[in-house]
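This structure is a prediction, so every number in the text was calculated from the model and none was measured.
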Number of protein chains: 2
Amino acid sequence: MSVPLYQAKAELFRTLGHPVRIRVLELLQDGPLPVRDLLAAIDVEASNLSQQLAVLRRAGMVTSYRDGPLVMYALSTPDVADLLAAGRRILGAVLTDRDALLDELRASGTDR
Amino acid sequence: MSVPLYQAKAELFRTLGHPVRIRVLELLQDGPLPVRDLLAAIDVEASNLSQQLAVLRRAGMVTSYRDGPLVMYALSTPDVADLLAAGRRILGAVLTDRDALLDELRASGTDR
DNA sequence: CATCGATTTGAAGATTTCTGCAAGTGCTAA
DNA sequence: TTAGCACTTGCAGAAATCTTCAAATCGATG
């Protein structure tokens, strides 16, 4: 199987591996937003947000265009929203498993 | 909204952001496998594979158990397979968009 | 008990990613 | 054309991640 394929998949996921980038994508699920609004919602420095937007742009997950004085961002494909949804599901599954394990550990005595 | 939630989501995706880890998860989709087999399939050093398996374990995406002389690994939840599938879909969407863009660029003349 | 195959752990150096600051570009309005 | 938002870019230092080597563990076997 093609090695670069795994590389591409890994890069895709790595692109999502940052809290600010995740937030941006979630905010864009409901439609395009100007940087100004993202900035107001996320609590990060403007230059930092811009860097993260550049990462998302390079990965092809968002597109941007200028609207008068504002720069607007939008998801490049609605599939991105699906991926986020899948992520939420897994997170739920993994966290419950983990909690279940924790409970089990607690129940089996304090030591060993 | 809770800040740690975005953190958790980002960590989940970051866990997938490595070619070896992606391959491991894909190989485990069809059922548990011993490290020995993963090693034969992936072409990476044993200690490196072990490090990556540890990352997946800490993230709660796989579980392991010993079977005689071998250590077996398995997906901790089938939801993981869904996430990989979603990733494949997006990758397809993003790459076609990108190719379409490339084609467009090519069609519009060799220079700018 | 000494060893061997299978796997994990620890640690260090190399590489990548993150963050914030200073400076720069693009538009709009006075 | 000067001024002022709205963003982006270039960087440098800090922090996190990767990769590999050497050493340690765990079972099974001679």
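- Residue B/Y73 has its side chain nearest to C/dT8 when only C/dT8, D/dT8, D/dC18 are considered.
- Comparing D/dG10, D/dT8, C/dA11 by their nearest atom to the side chain of A/R57 picks out D/dT8.
- In this structure, A/F13 places its CZ atom 22 Å from P of C/dT16, rounding to the nearest Å.
- In the interface, the side chain of B/S47 is paired with the base of D/dC21 through a donor and an acceptor atom under 3.5 Å apart.
- Between A/L39 atom CG and C/dG20 atom C1' there is a gap of 14 Å when expressed in whole angstrom units.
- Using a 4.5 Å heavy-atom cutoff, the side chains of A/V24 and A/L49 are in contact.
- The main-chain N or O of B/G92 is found under 3.5 Å from a side-chain atom of B/T96 such that the two form a donor-acceptor pair.
- In this structure, A/R14 places its CZ atom 11 Å from P of D/dT17, rounding to the nearest Å.
- In this structure, the nucleotide among C/dT7, C/dT19, D/dT8 sitting nearest to the side chain of B/L70 is C/dT7.
- Taking atom CE on A/M72 and atom P on D/dT8, their separation rounds to 12 Å, with Å as the unit.
- A/R21 has a side-chain polar atom (N or O) that falls below the 4.0 Å cut-off from OP1 or OP2 of C/dC18.
- At least one donor-acceptor pair closer than 3.5 Å links the side chain of A/R21 to the backbone N or O of A/T15.
- Comparing A/Q52 and B/R66 by the nucleotide of DNA chain C whose heavy atom lies nearest to each, the residue mapping closer to the 5' end is B/R66.
- Under a 3.5 Å cut-off, the side chain of B/R57 and the backbone N or O of B/Y73 do not form any donor-acceptor pair.
- Of the candidate nucleotides C/dC21, C/dT7, D/dT20, D/dT20 has the atom nearest to the side chain of B/E45.
- Among the nucleotides D/dA16, C/dA11, C/dT7, the one closest to the side chain of B/V35 is C/dT7.
- Between the side chain of A/S50 and the base of D/dC7 there is no donor-acceptor pair of N/O atoms closer than 3.5 Å.
- The separation between A/N48 atom CG and D/dA14 atom P is 17 Å, rounded to whole Å.
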